[in-house]
Every structure is written in structure tokens, then in C-alpha cells.
Amino acid sequence: MRWQGAPPYTAGVSGIDERLGRMVRRVQAEGRVPAVAAALHRADRPLWTCEAGGTGNDTALGPQTLFRIGSVTKTFTAVLVMQCRDAGLLDLDDPVGAHLDVPAHGELTVRRLLSHTSGLQREPHGDVWDTLLAPGADELLADLARAERVLPPARRFHYSNLGMAVLGQLVARLRGGTWAEVLADRVLAPLGLTATTDRPGPAAATGFLVDAYSDEAHPEPPTDFAAVGPAGQLWSTATDMARWAAFLADPAALDPTGAVLAPATLDEMRWPLTVTDETTWGAGFGLGLILLPQGERVVHVGHDGAMPGFLAAVYGRRGGDGTPGAMGAAVLGSSGTGVQVMELPHRLLAAAVEHDPADVEPWRPGPPAPEHLRGMLGPWWGEGFESVFSWHDGTLQARSAGDPAGKPPAVFAPLPDRPDVFRTVSGREAGELLRLTRDATGAVVRLHWATYRFTRGQETFDGYDFRR
């Protein structure tokens, strides 16, 4: 294990270094995974990495070792699709048939394919996991005529490698190159993910199936997934993937100019469109991203991956007390059955926040609220409940009086042509208008938020004031 870059600057880091390293070594030993590589990225500390085991070939295991990341690839394809949307090349509610010449299922929308709610069957036509022969681009699209829609669209979550492969071909068609070329040019290079590739080199680990009843490890055959590559072809290092996880959680920190994707677009991708299990609601799925609630307003966002001989889990952390900016973890393993790999990034993220939380930023006085808003700050009542309007960080905000401390406020932005009308840009009633009403002296006497009336005292809907 190692810290890359300058030494950590807080007293507790040396202890967390060893704690995290022990967690990695335990997973490698108890999970019987020939090689495990882990990395933790955060904006306020140097990059942390740890490896345990061996590559299974003549190369040394280290931060440069490539592992297959399987379905983590889907997050890259999803970003490419959203880039096309932001560039005006498609709309998420477009049918794929508007952009690809397909013999069937052309009515399925881009949004449904991204969120695995299209109902399309899981794999391409044929027994690809028996033959390990994946179709080329023309064959993949032609064989859609032989693929089933196993569920009605929008009925429920149903994971589909085929659906993501189709989106990869859509991106390639719109951008005028192969999926791999577009990915390298528009995502990997701008974010400095120099080790991530669709083709492994000599530094790659060997993938294994570890025998259930002995210590023998059987090498798995190499596979090239051809046109299904956008669903699971990529290889990478733990360091690249920790950086990618941090980007998914906090894009502004790693891509401040929005060269790859605007932060608002990542917000859209992280919004849950479906749950993956209708009874437990333990995980959600957005636009190409898995969302795992951790409690206390914390969510881990990313994806898992599995290919013959390899498992990967790549997640960024958002929200919660002590979580630093740009926090992401990746754990890659060279066993197809070492399932402990999949839980480890979540444990690493939680342990790092618990034992080495982000520093508490001191509060500093700021400028006053604008003169025309100062008189309306403070408590207002609507629907029988109290809300408190305030001015912080240069914005008008509101919280319900009973909100827990960690719940984000509603934030308002003024409409440029209507000085007493605001748009709710985040939080409660996002998108709705807030309208101020003034008396003859210019004092604000009423608010209307999403058309509901707010007054200084508690009133019934017909205007009875309990203060009288």
C-alpha cells in the first residue's frame, strides 16, 4: 500500500492507511482472490493505493496492473450518450430507430435503454456465453429481429447488455467513429485516464476461476466482446477507476470546465429512475449508473463489473457529514468468484470518512442580503407549517422548520425580468416559482410558492389568522 504524492497532512492518516490496507489484504486472503488492487481518491488527500497477491504471470502486481472491469464499462457508454444529448445529436426520449437502422425494437427509447427499463432481453441473440463469440456491429443490429422484448417498456428494471451494446453503436454512428475511438477521444484523454483501454497489454493480470474445493486456480480464456464491447469490454487500473468514480460523484472537481460533461448532466444521470428490487428498495438505477443508499443522506454511485476471471466495483461517495469532495474508490480482483471484492469499495469509503473525515471548514461572515429582500427573511407559514427563509452563500434559501440538519434547503434564483419572482433551482419544489407580494410601502406581506400562500402568521386556507 502507498500514498502517491505528498505525504498526508493530518495526524490520523497513517492509522487509516494501515486500516484500509488490512481490509484489502483480508479480502484477498479470505476471498481467495489471486490479485486484488484497490485505490481511494479524494480531493483533500493524496491518492491511496494497495495491492495484494500476484498477477498470475511474469509481471509484478502494482498500481499499473490492468484488470478487466466488465460492466463498469457501461458507465462510460452512458456518459458518451449524454454527451450526444448535450450536443443536440439526440433526445433521451428519441426512439433508437430514429438514429439506427434496426429491423426490430426501434421504438425503444434511449432513456429506457440507459436505465434498463426497456424490457429488452439480457444478451444478444445466441448462446454467447457458451461460444464466447460476440457479434460484430452489423450482426448485432440485424439480430435484433431475433431478440425478445421480455417485459413491457417501463414495467420494471431488467438488466440488458444488449441494450447498452445498441447504445454503443448509436454513439459510434452519431460521432462517425468506432465506440472505442470516440471513448478515447471524448472521455479517457480529457480526464487523464491513460491506463484505461479496450485491449489489455502485457501488464494485465490473468483472470481465474478458483476451485471451490481446493486451492487450484484455473485461468479463464481471453474474450473479445466485439460489438457488445460498450457493455463490458474495458480494462483499467484501480487508480484510473478511483479517479473515474470521483468524477461520477463530483464532476466539477475533476472536470471544472465541463469538457467531458456538465455537472448538471451528471446530476441528471444520478437521479433514480427505477429500483432494482421492488420489495427491498435497496438500490436504484439512474441513466447508466447504480445508486446505493448508505443511510444518513449518503449515496454511493457507480457500477459493478464481472467478466470471466474478473470482478470490479467502482463507486463514488456523495453526501453525509465528513465526506470530502471528489471521493471515489475502486477495487479490482482477478477471480470470477471472489465476491468480497464487490462490497469492499463501500467499506473503504465508509472507513475513510469515519476515521479520516474531511476537515471542518470555518464559517466566515459574508455580505448582507440584498436590500429588497432583507425584510422578508425569517419565518413564514404555509399549509399550517413553518418555513424559514434566509440568505446564505449569495442565494435566497428556505427550509421547513422541522427539517433535519443535513437536509439540503430549497434554493431560489431570481428571474431577470421579474424582480419579485424566483425559480426554485434545487431542493423542495424544484422548478416551481416563488412570488413575493408587497404592500404600498414596499414591505413583503405574502409569498406564493408553487401557488401555496405563505404568511407571517399561521392561517387557515380561508385566511383566518390565529394571532388575532
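Throughout, numbering of the chain's residues begins at 1 and tracks the sequence. Side chains included, hydrogens not; waters and symmetry mates left out as well; all remaining heavy atoms used. Since the model is a prediction, treat every value here as computed from it, not as a measurement.
The main-chain N or O of G402 is never found under 3.5 Å from a side-chain atom of S400 such that the two would form a donor-acceptor pair. Side chain of H41 to main chain of A326: a donor-acceptor pair is present (N/O by atom type, distance under 3.5 Å, no hydrogens or angles). Checking side-chain atoms of Q397 against main-chain N and O of D393 turns up no donor-acceptor pair under 3.5 Å. Panel note: side chain T197, backbone P200; no donor-acceptor pair is recorded below 3.5 Å. When atom types are taken as modelled, the side chain of T117 and the backbone of R156 share no donor-acceptor pair closer than 3.5 angstrom. Checking side-chain atoms of H105 against main-chain N and O of A147 turns up a donor-acceptor pair under 3.5 Å.
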Checklist entry - What do the steps show when you test D185 against R175 for salt bridge (charged side-chain N to carboxylate O under 4.0 Å, His left out), and what is the final call? => result CA-CA 11 Å; D185 181 54; R175 293 299 192 183; over 6 Å; no
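Contact annotation: the side chain of D356 approaches that of R45 to within less than 4.5 Å [non-hydrogen atoms, C-beta and beyond].
Taking the ring centroids of W449 and F412, they lie under the 6.0 Å cut-off. Note: H218 and F208 fail the aromatic proximity criterion, with ring centroids not under 6.0 Å apart.
What you find for A195 and T237 is that their closest heavy atoms are CB-CG2, 3.7 Å. Shown here for F310 and S334, the closest heavy-atom pair between the two residues is CD2-CA, 4.0 Å.
Of the candidates T194, V260, T196, L188 forms a side-chain contact (heavy atoms from CB on, under 4.5 Å) with just one, namely T196. With L174 as reference, L90 is the one residue of V81, L90, L80 to meet the side-chain contact (heavy atoms from CB on, under 4.5 Å) rule.
The number of heavy-atom neighbours closer than 6.0 Å to CG of D215, taken from other residues, nucleotides and ligands shown, is 12 or below. The 12-atom threshold is not exceeded at CG of D321, counting heavy atoms of other residues, nucleotides or ligands nearer than 6.0 Å. Counting heavy atoms of neighbouring residues, nucleotides and ligands inside a 6.0 Å radius, atom CD of E296 does not exceed 12 of them.
Side-chain N/O atoms of Y159 and T276 include no donor and acceptor closer than 3.5 Å. Defined by atom type and a distance below 3.5 Å, a donor-acceptor pair is present between the side-chain atoms of R317 and T323. Checking R68 against Q233 by side-chain atom types alone, a donor-acceptor pair falls below 3.5 Å. Side-chain atoms of S71 and K74 include a donor-acceptor pair closer than 3.5 Å. Residues W235 and D198 have side chains that never bring a donor and an acceptor to within less than 3.5 angstrom of each other.
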